[in-house]
Amino acid sequence: MPTFTPPIRDMQFVIEEIGALDAIAALPGYEEATRDLVGAVLEEAGKFGAGALAPLNPVGDREGCQLDGGKVRLPTGFADAYATFVESGWNAVAFDPEFGGQGLPWLVATAVQEVWHAANMAFGLIPMLTQGAVELLSLHGSPDQKALLLPKLVSGEWTGTMNLTEPGAGSDLGALRTKAVRDGDQYRITGQKIFITAGEHDAAGNIVHLVLARLPDAPPGAKGISLFVVPKFLVNADGSLGRRNDVTCIKLEHKLGIHGSPTCVMAFGEDEGAIGTLVGRENQGLPLMFTMMNNARLSVGLQGVAIAERATQKATAFARERVQGAAPGRSAPGPILHHPDVRRMLMTQRALTEASRALAYFTAAQIDVAHRAPDKADRATAHALVDLLIPVVKGWATAN
């Protein structure tokens with residue numbers, strides 16, 4: 001049974017017809033995103049996904065991640081595959097060329113990301129939150145934060161995380177208890193976060209944690225939350241790595257189907273306090289973090305598309321091979337693919353997969369319009385549409 005065949009033709013059709021690639025390529029800064037270039041990018045992404053990532057999927061499931069003394073070792077082959085991923089420029093597809101990005105549309109980057117998740121979702125989760133960290137810091141970071149962090153995050157040499165959930169707080173972010181205390185122009189962070197995707201691993205030189213915390217004099221509830229950059233290794237003024245920060249993985253979560261992804265319980269400040277720098281203004285962190293959260297929501301919806309594609313391929317291959325009973329109009333037993341009800345189920349599966357892909361890619365195209373359209377009204381309309389559709393993509397694509 002085949003393991004994974006990237007659906008390049010289907011993806012390119014949706015990019016060109018539903019995402020309206022020609023219109024996206026007409027936006028300022030996207031002129032190089034021609035059909036030929038995008039086709040070549042998809043072909044190469046498909047080769048990497050099918051050739052390098054898909055074979056690691058069962059390895060990750062069997063081995064899982066290993067935690068030893070606060071250090072996490074990824075399954076065999078994952079770190080090497082990630083190094084190739086970075087060297088090939090895959091992490092930089094949609095980002096600003098000023099910081100080393102390739103400057104291609106989010107429409108294209110979204111399709112590429114589907115390949116990673118379909119081939120090996122446990123691997124795809126490593127760069128997923130980095131993408132959100134880049135968008136957040138690009139929009140809300142200080143000039144120093146951008147200069148120090150974005151080049152390495154854009155390249156993928158460093159990865160990023162989103163630290164929201166805490167024991168006892170869950171999705172009620174207003175109840176979080178992680179503390180931040182002012183220390184000159186920096187802050188000391190203490191607290192614990194759970195369910196942190198790629199919170200610790202051995203594939204990147206540094207991990208940049210985006211952490212929500214509360215100052216001692218902050219107002220109660222969601223209005224008293226601030227956002228901080230807390231790197232695994234402190235970053236010197238020249239961009240080199242300094243000493244290890246007071247950040248540790250103390251436990252690995254075990255999630256069905258993604259044992260190869262290090263979902264971590266992170267402890268901040270168990271000794272002298274983890275050093276962090278403020279993003280934006282004090283007590284204004286939650287609105288800023290929504291940039292990263294919305295990026296992640298679209299990616300989670302895209303995971304639904306990817307897994308649906310992978311499942312459809314598996315089901316179709318099985319239906320071609322499984323022999324049982326004679327289908328209507330046939331005298332001898334044959335593949336169950338010939339049975340009308342099996343065909344109905346497979347076509348329904350295919351239809352839902354293609355519809356969810358179309359919705360996700362269309363939303364990504366609207367992000368490009370919201371960022372680059374020359375007309376302010378067009379940008380505003382696209383932005384409102386994105387705000388409406390991202391929860392729909394996340395909810396519907398993962399439910400199907």
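- At least one donor-acceptor pair under 3.5 Å links the side chain of Arg379 to the backbone N or O of Pro374.
- Inter-residue side-chain proximity for Pro262 and Leu74 is flagged as met; some heavy-atom pair is nearer than 4.5 Å.
- The 12-atom threshold is not exceeded at NE2 of His383, counting heavy atoms of other residues, nucleotides or ligands nearer than 6.0 Å.
- Side-chain polar atoms of Glu309 and Gln313 form a donor-acceptor pair below 3.5 angstrom.
- With Glu166 contributing its side chain and Arg177 its backbone, the two residues share a donor-acceptor pair below 3.5 Å.
- Here Lys152 pairs with Glu157 under the salt bridge (charged side-chain N to carboxylate O under 4.0 Å, His left out) rule; sequence neighbours left out.
- Nearest approach of Ile24 to Ala365, heavy atoms of both residues: CD1-O, 3.6 Å.
- Contacts classified as side chain to side chain donor-acceptor pair (under 3.5 Å) and involving residues 249-269 (residues at least two apart or in different chains) are given here: Asp61-His259.
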### Message
As a quick check of understanding, evaluate side chain to side chain contact (heavy atoms under 4.5 Å, CB included) for Leu359 and Trp396, giving each step before the final call.
### Response
CA-CA 10 Å; Leu359 181 62; Trp396 191 70; 4.2 Å; yes
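- For Gln192 and Thr178, the side-chain atoms include no donor-acceptor pair closer than 3.5 Å.
- Between the NZ atom of Lys394 and the CG atom of Leu389 there is a distance of 15.0 Å, given to the nearest 0.5 Å.
- Under a 3.5 Å cut-off, the side chain of Tyr82 and the backbone N or O of Gly156 do form a donor-acceptor pair.
- Under the 4.5 Å side-chain criterion, counting only non-hydrogen atoms from C-beta, Pro231 is in contact with Val229.
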#### Entry: Chi angles and distances behind the side chain to side chain contact (heavy atoms under 4.5 Å, CB included) call for Arg344, Asp341
CA-CA 5 Å; Arg344 177 193 61 79; Asp341 201 44; 2.8 Å; yes
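- Listed by first then second residue, pairs satisfying salt bridge (Lys or Arg N to Asp or Glu O under 4.0 Å) with a partner in residues 68-80 number zero, not counting sequence neighbours.
- Checking side-chain atoms of Ser240 against main-chain N and O of Asn236 turns up no donor-acceptor pair under 3.5 Å.
- Using a 4.5 Å cut-off between side-chain heavy atoms of Ile, Leu, Val, Met, Phe, Trp and Tyr, with links allowed through other members, Ile207 and Val134 fall into different hydrophobic clusters.
- Through direct or relayed side-chain contacts under 4.5 Å between Ile, Leu, Val, Met, Phe, Trp and Tyr, Ile275 connects to Leu234.
- Residues that satisfy the salt bridge (charged side-chain N to carboxylate O under 4.0 Å, His left out) test with Glu200, not counting sequence neighbours, are Lys232.
- Hydrophobic cluster of Leu67: the remaining members, joined at side-chain heavy-atom separations below 4.5 Å, are Val72, Leu252, listed by chain and number.
- Using a 4.5 Å heavy-atom cutoff, the side chains of Asp183 and Val181 are not in contact.
- Looking only at distances, no side-chain donor or acceptor of Asp378 sits under 3.5 Å from a matching main-chain atom of Ala373.
- A heavy-atom distance below 4.5 Å is not found between the side chains of Met128 and Asn295.
- The shortest side-chain heavy-atom distance between Arg297 and Pro391 does not fall under the 4.5 Å cut-off.
- Between Leu56 and Gly77, the shortest heavy-atom distance links the atoms CD1-O, 3.5 Å.
- Asn245 places no side-chain N or O within donor-acceptor distance of the main-chain N or O of Ala274, the cut-off being under 3.5 Å.
- Residues Val93 and Val41 form no side-chain contact, since every pair of their non-hydrogen atoms from C-beta on lies 4.5 Å or further apart.
- Residues Leu388 and Ile390 are members of one and the same hydrophobic cluster, defined by side-chain heavy-atom contacts under 4.5 angstrom among Ile, Leu, Val, Met, Phe, Trp and Tyr.
- Asp10 places no side-chain N or O within 3.5 Å of a backbone atom of Glu354 that could act as its donor or acceptor partner.
- The side chain to side chain donor-acceptor pair (under 3.5 Å) contacts involving residues 30-58 comprise Glu16-Arg35, Asp22-Arg35, Tyr30-Asp368, Glu44-Lys47, where partners must be two or more places apart or lie in separate chains.
- Counting only residues at least two apart or on different chains, the side chain to side chain donor-acceptor pair (under 3.5 Å) pairs with a member in residues 264-273 are Arg243-Glu272.
- Closest heavy-atom contact between Ala198 and Thr161: O-CG2, 3.4 Å.
- At most 12 heavy atoms of other shown residues, nucleotides or ligands fall within 6.0 angstrom of atom CE in Met347.
- A donor-acceptor pair shorter than 3.5 Å cannot be found between the side chains of Thr398 and Gln303.
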### Query
Between Glu282 and Arg214, does a salt bridge (charged side-chain N to carboxylate O under 4.0 Å, His left out) hold up when you go through it step by step?
CA-CA 9 Å; Glu282 291 183 352; Arg214 188 182 302 281; over 6 Å; no
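- Identified under the side chain to side chain donor-acceptor pair (under 3.5 Å) test for residues 216-225, with sequence neighbours left out: Arg182-Asp217.
- Remark: Leu136 CG to Thr291 OG1 distance equals 5.5 Å, nearest 0.5 Å.
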### Task
List the steps, then state whether side chain to side chain contact (heavy atoms under 4.5 Å, CB included) holds for Trp158 with Leu241.
CA-CA 11 Å; Trp158 298 351; Leu241 294 182; 3.4 Å; yes
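- Side-chain N or O atoms of Ser226 include one that pairs as donor or acceptor with a backbone N or O of Asn283 at under 3.5 Å.
- For Arg244, the CZ atom counts as densely surrounded, since its 6.0 Å shell holds more than 12 non-hydrogen atoms of other residues, nucleotides or ligands.
- The closest side-chain heavy-atom distance from Thr197 to Met162 is not below 4.5 Å.
- Note that the CD atom of Gln66 and the CG atom of Asp202 stand 11.0 Å from one another [nearest 0.5 Å].
- A donor-acceptor contact closer than 3.5 angstrom links the side chains of His201 and Thr159.
- Here the straight-line distance linking atom CG of Leu212 with atom CG of Asn163 works out to 8.0 Å at 0.5 Å rounding.
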### Query
Run the side chain to side chain contact (heavy atoms under 4.5 Å, CB included) check on Ile307 and His117 step by step: do they pass?
CA-CA 7 Å; Ile307 297 303; His117 288 304; 5.9 Å; no
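- The side-chain heavy atoms of Tyr361 and Ile18, taken from C-beta on, include no pair separated by under 4.5 Å.
- In this structure, the separation between CG on Leu302 and CE on Met121 is 11.0 Å, given to the nearest 0.5 Å.
- Other residues, nucleotides and ligands place more than 12 heavy atoms under 6.0 Å from the NZ atom of Lys146.
- How far CG of Leu337 is from CD of Glu321: 11.0 Å, rounded to the nearest 0.5 Å.
- Annotation: ring-ring contact (aromatic ring centres under 6.0 Å, His included) contacts of Trp116 (sequence neighbours excluded): Phe48, Phe85, Trp90.
- With a 4.5 Å cut-off between side-chain heavy atoms of Ile, Leu, Val, Met, Phe, Trp and Tyr, the cluster of Val230 takes in Tyr187, Ile189, Ile196, Val211, Leu215, Phe228, Val247, Met266, Phe268, Leu278.
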Residues 96-110, side-chain donor-acceptor partners within the protein, below 3.5 Å, at least two apart:
| residue | atom | partner | partner atom | Å |
| --- | --- | --- | --- | --- |
| Asp96 | OD1 | Glu98 | N | 2.9 |
| Gln102 | NE2 | Gly89 | O | 2.7 |
| Thr110 | OG1 | Trp106 | O | 2.7 |

